Amino acid sequence: QVQLIETGGGSVQAGDSLRISCEASSSTFFWYSMGWFRQSPGKEREFVGAIDENGDRTYYADSVKGRFTISRDNVQKMVLLQMNTLKPEDTAVYYCAADQFLGPYGGNWYTNRSSDYEYWGQGIQVTVSS
């Protein structure tokens, strides 16, 4: 069982940066690959990116590639989402999620399907104003 808690959301202006942290309760945090998702009102939950269990590999959705960076610290049991050059369309509730299975998924090490992640944080609001 893994409990995930996100912190660091808030309201910013377009072009600003923001970092979200996700802290895990499990001592076996290093077993899990981690994903970030977001959801806006009236929309389906959207994959943002993923990082493997060692932090060696990352993958990003096209909508955030080049602006967002995922990193992790297995000693601190944390995964970070650094968001730069934020846009109003980035406004959403952001969730971190843990995947114990570790794939492969159709030949890929990562999965962008929310159903493949076993544990979820409670979500944190990010609002970007124009």
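Nothing here was measured: the structure is a model prediction, and the numbers come from that model.
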Review point. Hey, any chance V48 and V79 share a hydrophobic cluster, counting ILVMFWY side chains that come within less than 4.5 Å of each other, even indirectly?
Key: yes
Check your understanding: What pairs with F68 under ring-ring contact (aromatic ring centres under 6.0 Å, His included), at least two apart in sequence or on another chain?
Key -> none
Revision key, fill the gap. Hits for side chain to side chain contact (heavy atoms under 4.5 Å, CB included) against Y59, two or more places apart or cross-chain, chain-then-number order -> F47, W109, Y110
Point to revise | Euclidean distance, I51 CD1 relative to C96 SG, rounded to 0.5 Å | key: 12.5 Å
Review point. In terms of side-chain geometry, is the basic nitrogen of K65 or D62 positioned less than 4.0 Å from the acidic oxygen of its partner?
Key: yes
Practice item. Output, in order, the C-alpha distance, side-chain angles, deciding distance and verdict of side chain to side chain contact (heavy atoms under 4.5 Å, CB included) for R38 and V93. Key: CA-CA 5 Å; R38 65 187 183 185; V93 176; over 6 Å; no
Practice item. Determine, step by step, whether Y60 and T69 satisfy the side chain to side chain contact (heavy atoms under 4.5 Å, CB included) criterion, reporting the C-alpha distance in whole Å, the side-chain angles of both residues, the deciding distance to 0.1 Å, and the verdict. Key: CA-CA 8 Å; Y60 301 95; T69 302; 3.8 Å; yes
Donor-acceptor list for residues 13-23 side chains, cut-off 3.5 Å, not counting sequence neighbours:
{"unit_1": "D16", "atom_1": "OD2", "unit_2": "Q13", "atom_2": "N", "d": "3.1"}
{"unit_1": "S17", "atom_1": "OG", "unit_2": "N84", "atom_2": "OD1", "d": "2.9"}

Point to revise | Heavy-atom side-chain contact between Y105 and D99 under 4.5 Å | key: yes
Review point. Does a side-chain heavy-atom distance below 4.5 Å link M78 with F29?
Key: no
Check your understanding: Can you check whether E53's main-chain N or O pairs, donor with acceptor, with N74's side chain at less than 3.5 Å?
Key -> yes
Exercise for review: Please confirm whether the backbone N or O of G55 pairs with a side-chain atom of D52, one donor and one acceptor, at under 3.5 Å?
Suggested key: yes
Review point. So do E89 and S63 actually touch side chain to side chain, heavy atoms under 4.5 Å?
Key: no
Review point. Is it true that Y94 and V128 fall in one hydrophobic cluster, defined by side-chain heavy atoms closer than 4.5 Å?
Key: yes
Check your understanding: Where do M34 and L4 land on the side chain to side chain contact (heavy atoms under 4.5 Å, CB included) test, with the steps shown first?
Key -> CA-CA 11 Å; M34 299 295 295; L4 302 171; 4.1 Å; yes
Revision key, fill the gap. When rounded to the nearest 0.5 Å, the distance separating CZ of R57 from CD1 of I70 is 14.0 Å
Exercise for review: Determine, step by step, whether Q122 and E6 satisfy the side chain to side chain contact (heavy atoms under 4.5 Å, CB included) criterion, reporting the C-alpha distance in whole Å, the side-chain angles of both residues, the deciding distance to 0.1 Å, and the verdict.
Suggested key: CA-CA 7 Å; Q122 81 286 357; E6 300 99 340; 2.8 Å; yes
Check your understanding: Under a 4.5 Å side-chain heavy-atom rule over Ile, Leu, Val, Met, Phe, Trp and Tyr, are F37 and V64 clustered together?
Key -> no
**Study point:** Value rounded to 0.5 Å, distance of OG in S33 from OH in Y117
**Key:** 5.5 Å
Check your understanding: Between S25 (side chain) and Q3 (backbone), is there a donor-acceptor pair under 3.5 Å?
Key -> yes
Check your understanding: Between Q100 and Y119, which heavy-atom pair has the shortest distance, and what is it?
Key -> OE1-OH, 4.1 Å
Point to revise | S26 side chain near Y32 side chain, heavy-atom distance below 4.5 Å | key: yes
Review point. Does the side chain of M83 come within less than 4.5 Å of D90's, by heavy atoms?
Key: no
Exercise for review: Measure the shortest side-chain to side-chain distance between R45 and W120 over non-hydrogen atoms and say whether it is less than 4.5 angstrom.
Suggested key: yes
**Study point:** T127 side chain to T91 backbone, donor-acceptor under 3.5 Å
**Key:** no
